[in-house]
Amino acid sequence: MCTRKKGVSSMVPLMIILLIITLLVLDFYFGRKAFQKKAYEPVFPEKKSDIELIHNGEDLCERIMDDIRQAASSVHVMFYIIKHDDISLEFLNVLKDKAEAGVSVYLLIDRIGAMKVKRNILRSLEESGAHVHFTNRPSFPFFFYRLNARNHRKAAVIDGKIGYVGGFNIAMEYLGKKAEFGPWKDYHLRMTGEGVADLQHVFLTDVKREAPEAKPKSDVFPPLHKGSVTHTMHATRGFTLEEKYVSFIDQAKERIMICTPYYIPSQALQQAVLSARKRGVIVSILIPMKADHPLVKEAAFTYFNALLEAGCFIYRYYRGFYHAKALIVDDRHAMIGTSNFDNRSLFLNDEMNVIIHDKEWTKQFLHVVKESVEHSELLTRERYARRPLLQRPVEWLARSVAYFL
């Protein structure tokens, strides 16, 4: 009888673990179903804007804060990450000054990404007249799904006339000021022209989703000129990005350049890359040498063998951290924005990308990308085979949880 009691008691922890796993799976499954029913993933028509590439964090912060200081009517900003460091506090103070001057200021920040911002700082910003809202706050029902579904957009619209969107957040590491990362390479776009209205539309939709009572000013859609660069805005919430990536890659006839900090694709996306290579397309992938999150580097290695065997080129950037998000097809089309080449961006996050259909603009952008390639190490099949033996079991552990990395 004692033996039976011991056997039953030893089963209790296992049963509890299985119950927790089951509840998490059900939470995630039904949460995704519920979010899909109300997912906002608009299809915008082609527009023409003047688009400037910014690939230095200090330049971006200087430009965006200068534009905000000159704002006369409205400042709409959303970032995934803002921290409690020097550049973050300076940025928040600029917003505070504009709110005190009577400009309509709305700030959207992700509850998880901005968790290091102290509450008293945000309270002071609100007291100045600014509207501060957290996006995708974890809550019931579907707590586990909400915890993983982040608003990963980094965008700003100033006076309805100037737009920003791209991969930079507001924190010291994005300025290359953190020793563990070194120089930070990323891409952000500054836009004027027709496309700014699309950015504004997405921002206001996000505001209304998080704060239905919010009443932004009614004059945030001023007349906008036609710029020189044809482009399409693409906003996703974890349901159509995979299809867009695959379609973009399937169009390639000559070459593809994938720029990403995390190469953790879905099966369909990995197959699209391999199929492109099989039909003779030159495939190059630019990733960082170092990692900024646990397991992401190891997970990526589980996809590299098939890529190397197919003849793809994998470049690992060693001159700091490569956080850029871009996809270039045939040197004439470029997708730049907030989404990574990973499952989290594909299936969980709110993302925003600009698809540029302009050969000359893309050619100039490719020159910037090639500068990073020059500071990268080519991963050969020999180097891949010589990676540490102890890394290999970690790689498959990482692959098993790749959906959430």
Residues [X], [Y]: salt bridge by 4.0 Å N-O rule:
X	Y	answer
Lys47	Asp198	yes
Arg190	Asp50	no
Lys290	Glu180	no
Asp110	Arg150	yes
Arg319	Glu374	no

Say you draw a straight line from [atom1] of [X] to [atom2] of [Y]; how long is it, rounded to the nearest 0.5 Å?
X	Y	atom1	atom2	value
His131	Leu107	NE2	CG	11.5 Å
Asn353	Leu327	CG	CG	9.5 Å
Glu62	Asp67	CD	CG	10.5 Å
Ile20	Asp27	CD1	CG	13.0 Å
Ile328	Thr362	CD1	OG1	7.0 Å
Glu243	Leu269	CD	CG	12.5 Å

Are [X] and [Y] side-chain neighbours, meaning at least one heavy-atom pair lies under 4.5 Å?
X	Y	result
Phe144	Leu23	no
Ile112	Leu147	yes
Asp85	Leu89	no
Ile258	Ser284	no
Arg63	Glu52	yes
Leu307	Gln270	yes
Tyr322	Cys259	yes

Donor-acceptor contacts under 3.5 Å from residues 73-83 side chains, at least two apart:
| unit_1 | atom_1 | unit_2 | atom_2 | d |
| --- | --- | --- | --- | --- |
| Ser73 | OG | Lys217 | NZ | 3.2 |
| His76 | ND1 | Gln200 | OE1 | 2.7 |
| Lys83 | NZ | Glu173 | OE2 | 2.5 |

Tell me the closest heavy-atom pair linking [X] and [Y], and the distance in Å.
X	Y	answer
Phe44	Tyr40	CZ-OH, 4.2 Å
Ser49	Gly193	OG-C, 3.6 Å
Leu274	Ala306	CD2-O, 3.7 Å
Ala211	His133	CB-CE1, 3.4 Å
Ala235	Val202	CB-CG2, 3.9 Å
Lys154	His188	O-NE2, 3.7 Å

What about the rings of [X] and [Y], do their centers lie closer together than 6.0 Å?
X	Y	value
Phe30	Phe142	no
Phe168	His323	no
Tyr245	Phe248	no

Any side-chain to backbone donor/acceptor pair from Arg237 onto Ala39? Under 3.5 Å, distance only. no
side-chain contact (heavy atoms from CB on, under 4.5 Å) between Phe91 and Ile68, intermediate numbers included: CA-CA 10 Å; Phe91 182 78; Ile68 291 172; 3.9 Å; yes
Do Arg386's NZ or CZ and the ring of Tyr384 fall within the cation-pi criteria of under 6.0 Å and 45°?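 No, Arg386 does not lie over the aromatic ring of Tyr384.
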Lys363 charged N/C atom sitting above Phe365 aromatic ring, 6.0 Å / 45°: no
Might you work through the side-chain contact (heavy atoms from CB on, under 4.5 Å) test for Glu41 and Phe239, ending with a clear yes or no? CA-CA 8 Å; Glu41 298 185 298; Phe239 297 97; 3.1 Å; yes
Just list the side-chain donor-acceptor pairs under 3.5 Å for residues 396-405, sequence neighbours left out, or say none.
| unit_1 | atom_1 | unit_2 | atom_2 | d |
| --- | --- | --- | --- | --- |
| Arg399 | NE | Tyr303 | OH | 3.3 |
| Arg399 | NH1 | Thr302 | O | 3.4 |
| Arg399 | NH1 | Thr302 | OG1 | 2.9 |
| Ser400 | OG | Leu397 | O | 2.5 |

Residue pair Lys177, Asp86: steps toward the salt bridge (Lys or Arg N to Asp or Glu O under 4.0 Å) verdict: CA-CA 11 Å; Lys177 303 295 186 181; Asp86 290 346; over 6 Å; no
Step-by-step side-chain contact (heavy atoms from CB on, under 4.5 Å) determination, Tyr164 to Ile158: CA-CA 9 Å; Tyr164 286 87; Ile158 300 155; 4.0 Å; yes
Salt bridge (Lys or Arg N to Asp or Glu O under 4.0 Å) between Lys325 and Glu351, intermediate numbers included: CA-CA 11 Å; Lys325 305 113 173 25; Glu351 304 284 4; over 6 Å; no
